[in-house]
Amino acid sequence: MAKDYILLDSGNLKKLEQVGKYRLIRPALNAFWKPSLPPAEWKAADAEFIRDSSGHGSWLRRDRIPDIWSADWGGVTMQIKPTSFGHLGFFAEQFRNWQFFRENCKNMDTLNLFAYSGLGSLSMAAGGAKVCHLDAAKGMIDWGKENLALNPDIPNAIRWIADDVNKFVNRELRRGNKYDLIALDPPTFGRGSSGQLWKIESDLPQLLKNCLELRKPDRPFTIVLSCHSPGFSLLVLERMVREAAGDHAEVDADEMYIPESTGRKLPSGIGLRCFVK
């Protein structure tokens with residue numbers, strides 16, 4: 001049986017995490033404070049990710065850890081795979097969005113863009129939604145299906161698509177497909193399934209406008225936007241969303257965070273929900 005994910009501590013630009021059965025150290029470049037736990041707790045880590053100047057890096061394994069294992073967090077069981085970017089296959093700060101999806105998506109048609117390994121999509125399906133899950137990487141689609149298999153209580157109500165976000169959204173507009181809720185967690189920079197270039201500063205404004213055009217007519221509509229890009233503050237994102245949705249939209253934005261076992265919080269990007277009636 002999988003064990004829980006726990007953020008044990010952070011400090012000195014690092015975070016100490018219990019990920020199922022294994023204890024890991026990864027970079028946390030905004031953790032400018034000192035750790036709360038004693039050094040012995042950090043020295044007990046099974047592995048540490050050391051980042052190089054290219055943005056990649058390597059895992060320094062102090063003990064034997066498998067290539068794949070599982071952990072529970074935010075109401076789902078996740079397949080964990082340490083990558084050369086230092087990622088594990090989930091972003092722990094998304095737990096409040098996952099809860100929102102489970103509580104607010106009943107009988108909805110939802111679209112999850114930049115959907116990564118599918119944990120948001122699983123939470124939508126658990127809440128009773130019909131889900132369209134889109135990511136540019138075929139490997140992420142496979143990872144999402146593996147995560148679904150670990151959660152037999154979640155309905156298989158997900159359509160898995162590997163495609164470029166802008167291309168797919170434009171096709172949906174032409175086809176006339178409509179949604180009740182769209183979630184997106186855009187990267188700062190990326191490439192689509194056929195090498196298409198994504199730059200958040202130039203592409204996000206038009207994508208937000210297109211998402212509003214995918215709204216079902218005469219029904220409430222929700223956008224759930226997450227962002228970790230430098231320069232995209234809470235106020236910047238709120239202004240961009242209001243420009244797309246109109247001043248009468250209700251916008252709720254705050255810092256995302258991961259709760260620590262120390263009682264503190266590790267800030268981890270901006271989360272925004274836009275409600276259009």
Side-chain angles (χ1 to χ4, degrees), residues 7 10-11 13-15 17 26-33 55 73-75 86-87 90-105 110-116 119-121 123-124 135 165-166 169 179-190 198-215 220-260 262-277:
L7 176 60
S10 63
L13 306 182
K14 298 180 180 181
K15 55 188 174 184
E17 302 167 291
R26 294 194 290 158
L29 300 183
N30 59 347
F32 299 109
W33 45 82
W73 175 244
H87 295 173
F90 71 101
F91 297 106
E93 65 272 13
Q94 292 283 349
F95 74 98
R96 288 191 295 171
N97 281 338
W98 301 344
Q99 181 178 359
F100 176 83
F101 296 148
R102 286 195 300 272
E103 295 175 353
N104 295 278
C105 285
T110 64
L111 174 59
N112 192 10
L113 303 175
F114 308 100
Y116 198 52
L119 301 173
S121 297
S123 300
M124 293 173 181
D135 196 276
V165 163
N166 286 329
V169 167
Y179 296 91
D180 299 290
L181 180 148
I182 298 178
L184 55 160
D185 185 15
T188 302
F189 176 87
W198 164 272
K199 290 185 178 180
I200 190 170
E201 64 272 16
S202 56
D203 288 324
L204 182 59
Q206 184 60 52
L207 179 59
L208 288 172
K209 292 178 182 178
N210 289 345
C211 287
L212 265 295
E213 292 187 28
L214 291 174
R215 171 192 178 184
F221 179 70
T222 304
I223 288 179
V224 179
L225 171 65
S226 306
C227 187
H228 301 80
S229 299
F232 284 76
S233 68
L234 185 152
L235 293 177
V236 169
L237 290 171
E238 181 175 350
R239 185 164 178 173
M240 292 176 68
V241 169
R242 287 195 182 277
E243 184 177 66
D247 290 334
H248 297 294
E250 179 183 343
V251 177
D252 177 18
D254 58 12
E255 279 197 272
M256 295 190 293
Y257 66 87
I258 310 171
E260 282 186 13
T262 63
R264 302 185 304 180
K265 298 175 180 178
L266 177 64
S268 303
I270 305 297
L272 181 149
R273 296 169 193 163
C274 174
F275 304 96
V276 184
K277 295 183 180 180

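Positions are given from 1, in the same order as the sequence printed here.
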Is the F91 ring parallel, tilted or perpendicular to the H228 ring (thresholds 30°, 60°)?
tilted
Atom pair CZ (F275) and CG (L181), whose distance is rounded to the nearest 0.5 Å:
8.5 Å
Any side-chain heavy-atom pair of C274 and F221 under 4.5 Å:
no
Does [X] use its side chain to pair, donor to acceptor, with the backbone of [Y] at less than 3.5 Å?
X	Y	value
S268	L266	yes
N30	P267	yes
S233	V236	yes
W98	G75	no
R264	P259	no
R239	L234	no

Salt bridge (Lys or Arg N to Asp or Glu O under 4.0 Å) partners of D203, counting only residues at least two apart
none
In terms of side-chain geometry, is the basic nitrogen of K265 or E260 positioned less than 4.0 Å from the acidic oxygen of its partner?
no
side-chain contact (heavy atoms from CB on, under 4.5 Å) involving L184 - partner list, sequence neighbours excluded:
L113, F114, I182, P186, L204, L207, L208, I223, L225
In chain order, what residues pass the side-chain contact (heavy atoms from CB on, under 4.5 Å) check against Q206, with sequence neighbours excluded?
K209, N210
Within 45° cone of F100 ring axis and under 6.0 Å: R273 NZ or CZ:
yes
In sequence, state the C-alpha distance, the side-chain angles, and the governing distance for W198 and F189, and then conclude on ring pair (Phe, Tyr, Trp, His ring centres under 6.0 Å).
CA-CA 5 Å; W198 164 272; F189 176 87; over 10 Å; no
